[in-house]
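Please read the structure below before turning to the comments.
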Amino acid sequence: MVAVERQNAEDVRTGAQNGAPRRVSRLSPMNQRRLRNFKANRRGYWSLWIFLALFFVTLIAEFIANDKPLLLKYNDEFYYPVFVDYPESIFGGFYAKTDYKDPFIQEQIEKAGGWIIWAPIRYSYKSINREAVQAFPSRPTLDNLLGTDDQGRDVMARLIYGFRISVLFGLTLTLISSVIGVAAGAVQGYFGGWTDLLFQRFIEIWSSVPQLYLIIIIAAIIEPNFWILLGILLLFSWVSLVGYVRAEFLRGRNLLYVMAARAMGVGNVKIMYKHLLPNAMVATLTFLPFLLNSSITTLTALDFLGFGLPPGSPSLGELLKQGKDNLQAPWLGVTAFMAIAVMLSLLIFIGEAVRDAFDPRKIWT
């Protein structure tokens, strides 16, 4: 540690002598080494950038795949259908909702000297291609690059929206369950004794509850949606992190600096947060990418079985189920399989790189 700090100070001093501007890193020497170890895993490093690029594209899915124009001009006024639902009466029609693909509406806009800017894919996840000449599911064409499903919906659009909702669901479930799991493991490991014993028995009983049966029962009573599924899975997913945090707190609560802080009158909450939690977060951060992977897989499996998101929602699991039900349309199964395989592979590679970055045997290599 001292040698690294001296080397950093020497680098700053040498740069200043050579006329270079002084740059003081905000990262500690250990975190700098962790970052370098993460970048050294080229597969995980580039997987992170690819995953972030794909996720960013899906975050702006409405601007990439939409059956509404991004911008149009009509009678010297600008309209933004991607944000606002305009009534058809504005463009000379009489319906409450405007169908911008209707030839009549397009003709009215052209007569008024207007124009329309469309998204690259002129279909949303629920849009039906009513001009298809093939029976559904139809083969890939220039209009539908990945074909349509058995209801005539564009597969590419559903893939983009389904990727987004899967990642957002996984991230939300991972973050909330991590907070609960870390807090539970910290309390259990720090206090030990009867607290640890009773908590362990509760976790053993709680973990034995069959999640799938519970979801099936709830789905028979109410229609599950994003938040209901999130709440049900959150009841059980937090348990996976308790063991790691508990072990770190059990190991660290009797260390000398913790005992010294306790003897000086420092409160338990401050000791847990300031002295023990940073060490426990190393194991937690290493496990997070794999927990995210598990969350996405769980949602995909529920959608495949029909107990996931409401019917019609963009879902990779539902697309995979359509591929199973329509073996005569192999593009459905291949598209769903490749999307899920690429997503989970990228997350696994990222998790391996994070694990290498926090591996204490590689910190000073």
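This structure is a prediction, so every number in the text was calculated from the model and none was measured.
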(request) Take L347 and I296, measure what side-chain contact (heavy atoms from CB on, under 4.5 Å) needs, and give me the verdict at the end. (result) CA-CA 10 Å; L347 291 175; I296 295 175; 3.7 Å; yes
(request) Evaluate the criterion side-chain contact (heavy atoms from CB on, under 4.5 Å) for residue pair S345 and F349; output intermediate values, then yes/no. (result) CA-CA 6 Å; S345 298; F349 295 153; 4.3 Å; yes
(request) Evaluate side-chain contact (heavy atoms from CB on, under 4.5 Å) for E88 paired with I105, printing each intermediate quantity in order. (result) CA-CA 8 Å; E88 199 177 70; I105 297 298; 3.4 Å; yes
(request) Would you check, one step at a time, whether the test side-chain contact (heavy atoms from CB on, under 4.5 Å) holds for Q134 with T148? (result) CA-CA 10 Å; Q134 306 176 32; T148 63; over 6 Å; no
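Grouping Ile, Leu, Val, Met, Phe, Trp and Tyr by side-chain contacts under 4.5 Å, direct or through others, puts L198 with W194, L197.
Looking at S313, its side chain never comes within 3.5 Å of a backbone N or O of S315 through a donor-acceptor pair. When atom types are taken as modelled, the side chain of T195 and the backbone of F191 share no donor-acceptor pair closer than 3.5 angstrom. When atom types are taken as modelled, the side chain of S207 and the backbone of E204 share no donor-acceptor pair closer than 3.5 angstrom. Between the side chain of R158 and the backbone N or O of Y125, at least one donor-acceptor pair lies under 3.5 Å. A donor-acceptor pair under 3.5 Å is absent between the side-chain atoms of S47 and the main chain of I350, judged by distance alone. Although no hydrogens or angles enter the test, the distance criterion places a donor-acceptor pair under 3.5 Å between the side chain of K101 and the main chain of R122. For W118 (side chain) and L71 (main-chain N/O), no donor-acceptor pair under 3.5 Å exists by modelled atom type. Looking only at distances, no side-chain donor or acceptor of N293 sits under 3.5 Å from a matching main-chain atom of P289.
Closest of all the heavy-atom pairs between A261 and H275 is CB-NE2, 4.2 Å. Considering all non-hydrogen atoms of both residues, A119 and A65 come closest at CB-N, 4.3 Å. Minimum interatomic distance between V245 and T284 (heavy atoms only, all atoms of both residues): CG2-OG1, 3.6 Å. The shortest non-hydrogen separation linking P137 to L332 is CB-CD1, 4.1 Å. Considering every non-hydrogen atom in both F136 and D150, the closest pair reads CB-O, 3.8 Å. Residue N129 comes nearest to N144 through the heavy atom pair ND2-OD1, 2.7 Å, listed as atom of the first residue, atom of the second, then distance.
Summarising the local packing, NZ of K126 is surrounded by 12 or fewer heavy atoms from other residues, nucleotides or ligands at distances under 6.0 Å. Counting non-hydrogen atoms of neighbouring residues, nucleotides and ligands closer than 6.0 angstrom, the CZ atom of R201 exceeds 12 such neighbours. Residue-environment remark: CZ (F337) stays at or below the threshold of 12 foreign heavy atoms within 6.0 Å. With a 6.0 Å radius and a threshold of 12 heavy atoms from other residues, nucleotides or ligands, R139 has its CZ atom at or below the threshold. For I222, the CD1 atom sits in a packed shell: over 12 heavy atoms of surrounding residues, nucleotides or ligands are nearer than 6.0 Å. Around the CH2 atom of W46, the shell of radius 6.0 Å holds no more than 12 heavy atoms that belong to other residues, nucleotides or ligands.
Grouping the Ile, Leu, Val, Met, Phe, Trp and Tyr side chains by contacts below 4.5 angstrom, directly or via other members, places V179 apart from L291. Clustering ILVMFWY residues whenever any of their side-chain heavy atoms sit less than 4.5 angstrom apart, transitively, puts L145 in a cluster other than the one holding M338. No path of Ile, Leu, Val, Met, Phe, Trp and Tyr side chains, each step under 4.5 Å between heavy atoms, connects L316 with I348, placing them in separate hydrophobic clusters. Note: the hydrophobic cluster containing Y86 also contains W115 (ILVMFWY, side chain heavy atoms under 4.5 Å, direct or indirect links). Using a 4.5 Å cut-off between side-chain heavy atoms of Ile, Leu, Val, Met, Phe, Trp and Tyr, with links allowed through other members, L250 and M272 fall into different hydrophobic clusters.
With respect to the salt-bridge test (charged N to carboxylate O, under 4.0 angstrom), the residues E318 and K321 do not qualify.
Side-chain contact between N225 and I228: present, with at least one pair of heavy atoms (C-beta onward) separated by less than 4.5 Å. Contact annotation: the side chain of F169 approaches that of L233 to within less than 4.5 Å [non-hydrogen atoms, C-beta and beyond]. Contact check for V182 versus L277: side-chain heavy atoms found under the 4.5 Å cut-off. No side-chain heavy atom of I117 sits under 4.5 Å from any side-chain heavy atom of L72. Residues F51 and V342 have side chains not in contact (no heavy-atom distance under 4.5 Å, counting atoms from C-beta outward). Inter-residue side-chain proximity for K39 and R36 is flagged as unmet; no heavy-atom pair is nearer than 4.5 Å. Under the 4.5 Å side-chain criterion, counting only non-hydrogen atoms from C-beta, E352 is in contact with R43. When side chains are defined from C-beta on, F163 counts as touching L54, because their heavy atoms get closer than 4.5 Å.
Between F287 and Y244, the ring-plane angle classifies as tilted under the 30° and 60° cut-offs. Classification of the Y79-F91 ring pair by plane angle, with boundaries at 30° and 60°, yields perpendicular. Below 30°, between 30° and 60°, or above 60°: for W49 and Y45 the angle between ring planes is above 60°, a perpendicular geometry. Between F199 and F202, the ring-plane angle classifies as perpendicular under the 30° and 60° cut-offs.
Every pair passing side-chain hydrogen bond (donor to acceptor under 3.5 Å, both in side chains) that includes a residue from residues 58-75 is listed here, sequence neighbours excluded: E62-R164, D67-S127, K68-D85.
Of the inter-residue distances, the one linking F226 atom CZ with I165 atom CD1 reads 6.0 Å to the nearest 0.5 angstrom. Rounded to the nearest 0.5 angstrom, Q108 CD and I90 CD1 are separated by 13.5 Å. Summarising the geometry, atom CG belonging to L309 is positioned 8.0 Å from atom OG belonging to S166; distances are rounded to the nearest 0.5 Å. Atoms CE and CD1, on M156 and I121 in that order, are 5.0 Å from each other to the nearest 0.5 Å. Put simply, CG on L146 and OG1 on T335 are 4.5 Å apart, with the number rounded to the nearest 0.5 Å. Here S138 contributes atom OG and W331 contributes atom CH2; the two are 7.0 Å apart, rounded to the nearest 0.5 Å.
In summary, the side chains of N41 and D356 do present a donor paired with an acceptor at a separation below 3.5 Å, with no hydrogens or angles considered.
Between F83 and F63, the ring center distance clears the sub-6.0 Å criterion.
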